[in-house]
Amino acid sequence: MSRKVDSVKDINDSKETWRLAVRIMDVWSVVNSIEHLEMIVMDSLGDRIQVLIRHDHLLKWKEVIKENMTCIINNGSVYNSDFQWKVCDHSKKFVFLGGTTMKAIELQNIPPKGYFFKDFGEILQGKCKTDRLEDIIGAVSEINHIQSNTPGKKVVVSVVLKDLKGNCINCNLWEIYGSKFLPYYNDPKNNGAIVILLTHAMVKDGQVSNALSGSKLLINEDIPEIQDFMSKLPTNEQKEKPTQSAKSLSNWSGGSQYSPIERFVHNAKCMSLSQFCKIKHETLCVTVATTLKFAVSKYGWFYYGCTRCSSKAPNPEKAYECSCGQKVEQPIPRYKIEIYVSNGESKYRFVFWDSECAAILRMTAEFMHNSMVENGEDDPMVYPDELEMLLNKKMTFRVKVQPTFSQAPAWKLCDDEAFVKEIENDYIVEDNQSKTEYAKLVPNKENLKTSAQTLSASGENDPESIILMTLAKDVVIADKGEEVDFEASGATQLSDTKPSKKLKIEPSS
């Protein structure tokens, strides 16, 4: 007797003899150290599940699987869905085995390939799962920023997307996605509205961006979804080509209308350290705390990195060409220091990066390391006395909380007394009685835009990490304009990168 077909919604880890009749909605390749395939399949009831094909089965299936095909799949392992970025709600993932079979067959009862668009209103209200990738569609109303491919920087195009209800969100197109958009926009033949459809978009803090793997960008293509959206735009908007904003044309050098504090806390939740320690979800925060003591790690107080960007060198004793394009003859030491901070009885561990440490210490890690070597000390586990200047300081921190990990990277910090006091008095909201709000957010003055790039260790592009920072001279905050290989510098996969520039600062007398 033939085995009956199982429903996708019933998939669990009780067996491996599943028989699925599905349509392959999407398939994409993921390349980290090794390549594997991921795809989304849907059955006749519209239920979907994310599928993984490991590297050892790649050659068998890579040329066989086609997007939008219908097929019968037999046998597969089932595990909890632990993808960093999920594209559907199923709690499990289906993994191909050596004994998995797949037969292409015409199945008319399965709905055609479609998209599951996320409502802009929900994005603006924060009704989004932090680990979920979404499909989005909208008309480009303005070009905010264009960053070309230059040494140490990668292509990024930031646009404002508007839906049919008039809601607007920022959309950041990185690398090949930005490179695809620019020729279309610059082509004089393309006059009128530009409607883009972006699949598997990352959503954070009211912004969206493409993922490094799996996203597809469709621009004014002849598909029902885009044509239907275009037809519903007002007639005058259908004929108008989006323009570049003044900020874009001036390379985003503006921003004087915003105070340093407004730029520092923008899109972040301001909270006390006690609230900070209770966070259960990935959150961008601003808090005030005092540095307490070093958390000594097996990596010591520095790592060897590129002379241009903050990427870790693959081998500190060998010359190499960095991913930023720099030919590095001799990697240089860069600060990476873990420090416990406290506020009252609450404590946490923050990671301080090269530019912040150099700004406070008034010397580079390279200079400090060379001075130690000259004095006969070359052990990276020996913390020089000068580092004590980082301790017992009350600071304001802009950090990314990731509850999965025991430490948080300090993206920006400031030890200016007046700045810290104003943040603490005017922005930190303490727990009291029925108050549950965590933050006083900065008013969205025409959407405070972004300029510098940072990448997460997994290779995914993080829309939050594009930050505009041009602060007053008395505020010690480092420039974040270059790329860093965070994973290479000893961080775990989900930790965010922390770019910096080599500071040419000589120690004061």
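Numbers here simply count residues along the sequence, with the first being 1. All heavy atoms count here, side chains included; hydrogens, waters and symmetry mates do not.
Applying the 6.0 Å contact sphere to CD of E321 captures more than 12 heavy atoms from other residues, nucleotides or ligands. Heavy atoms of other residues, nucleotides or ligands lying less than 6.0 angstrom from NZ of K216 number more than 12.
For an aromatic pair to be called close, the ring centres must be under 6.0 Å apart, and F350 with F397 satisfies this. Not less than 6.0 angstrom separates the ring centroid of W85 from the ring centroid of H200.
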Please test L197 against Y115 for side chain to side chain contact (heavy atoms under 4.5 Å, CB included), starting from the C-alpha separation and ending with a verdict.
CA-CA 9 Å; L197 188 160; Y115 302 94; 3.8 Å; yes

Check against salt bridge (Lys or Arg N to Asp or Glu O under 4.0 Å), E417 and K421:
CA-CA 6 Å; E417 184 176 350; K421 185 175 181 180; over 6 Å; no

Verdict with supporting geometry, Q402 and Q407, side chain to side chain contact (heavy atoms under 4.5 Å, CB included)
CA-CA 8 Å; Q402 295 170 316; Q407 80 274 2; over 6 Å; no

Are E329 and T307 close enough, and set up right, to give a side chain to side chain contact (heavy atoms under 4.5 Å, CB included), and what steps lead you there?
CA-CA 9 Å; E329 296 297 328; T307 54; over 6 Å; no

Evaluate the side chain to side chain contact (heavy atoms under 4.5 Å, CB included) criterion for residues I123 and E134: first the C-alpha distance (whole Å), next the side-chain angles of each, then the deciding distance (0.1 Å), finally the verdict.
CA-CA 10 Å; I123 292 176; E134 305 285 0; over 6 Å; no

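Judged by distance alone, with hydrogens and angles left aside, the side-chain atoms of K86 form a donor-acceptor pair with the main-chain N or O of F83 at under 3.5 Å. Side chain of T396 to backbone of C414: no donor-acceptor contact under 3.5 angstrom is found. Looking at S371, its side chain never comes within 3.5 Å of a backbone N or O of H369 through a donor-acceptor pair. Side chain of E388 to main chain of D385: no donor-acceptor pair is present (N/O by atom type, distance under 3.5 Å, no hydrogens or angles). S215 places a side-chain N or O within donor-acceptor distance of the main-chain N or O of T199, the cut-off being under 3.5 Å. With Q50 contributing its side chain and V87 its backbone, the two residues share a donor-acceptor pair below 3.5 Å. Under a 3.5 Å cut-off, the side chain of E377 and the backbone N or O of D379 do form a donor-acceptor pair. Side-chain atoms of S297 come within 3.5 Å of backbone atoms of Y299 as a donor-acceptor pair (strictly under, hydrogens ignored). The backbone N or O of E366 sits less than 3.5 Å from a side-chain atom of N370, completing a donor-acceptor pair. A donor-acceptor contact shorter than 3.5 Å is absent between the side chain of Y340 and the backbone of A295.
Partners of D119 according to the salt bridge (charged side-chain N to carboxylate O under 4.0 Å, His left out) rule, which considers only residues two or more places apart in sequence or in another chain, are K165. Contacts of N12 classified as side chain to side chain donor-acceptor pair (under 3.5 Å), with partners at least two apart in sequence or in another chain: S14. When the side chain to side chain donor-acceptor pair (under 3.5 Å) test is applied to T290, no partner is found at least two apart in sequence or on another chain.
In this structure the side chain of N172 reaches within 4.5 angstrom of the side chain of Q207, judged on heavy atoms. The shortest side-chain heavy-atom distance between F181 and V140 falls under the 4.5 Å cut-off. With a 4.5 Å cut-off on side-chain heavy atoms, D378 and M372 do not count as touching. Put simply, the side chain of W301 does not reach to within 4.5 Å of the side chain of L390, judged on heavy atoms. Within the 4.5 Å cutoff, the side chain of P242 has no heavy atoms near those of the S141 side chain. Contact annotation: the side chain of F294 approaches that of L387 to within less than 4.5 Å [non-hydrogen atoms, C-beta and beyond]. For the pair R398 and F264, the minimum side-chain heavy-atom distance is below 4.5 Å. In this structure, M271 and I428 have side chains that are not in contact, with every pair of non-hydrogen atoms separated by 4.5 Å or more.
For G206 against I169, the heavy-atom pair with the smallest separation is O-CB, 3.8 Å. Considering all non-hydrogen atoms of both residues, G138 and L161 come closest at O-CD2, 3.9 Å. A pairwise comparison of heavy atoms in C88 and I40 identifies SG-CD1, 4.3 Å as the closest pair. Y335 and D354 make their closest contact through N-OD1, 2.8 Å (heavy atoms, listed as atom of the first residue, atom of the second, distance). When all heavy atoms of Y304 and P331 are compared, the pair lying nearest together is CD2-O, 3.8 Å. What you find for I143 and V157 is that their closest heavy atoms are CG2-CG1, 4.4 Å.
Just one of D416, I423, L413, V288 meets the side-chain contact (heavy atoms from CB on, under 4.5 Å) condition when paired with M395; it is L413.
Figure legend: R48 and F116 shown as a cation-pi pair, the cationic atom lying under 6.0 angstrom from the six-membered ring centre and within 45 degrees of its axis.
Using the six-membered ring where Trp is involved, F276 and Y348 have ring planes that are perpendicular, over 60° apart on the 30 and 60° scheme.
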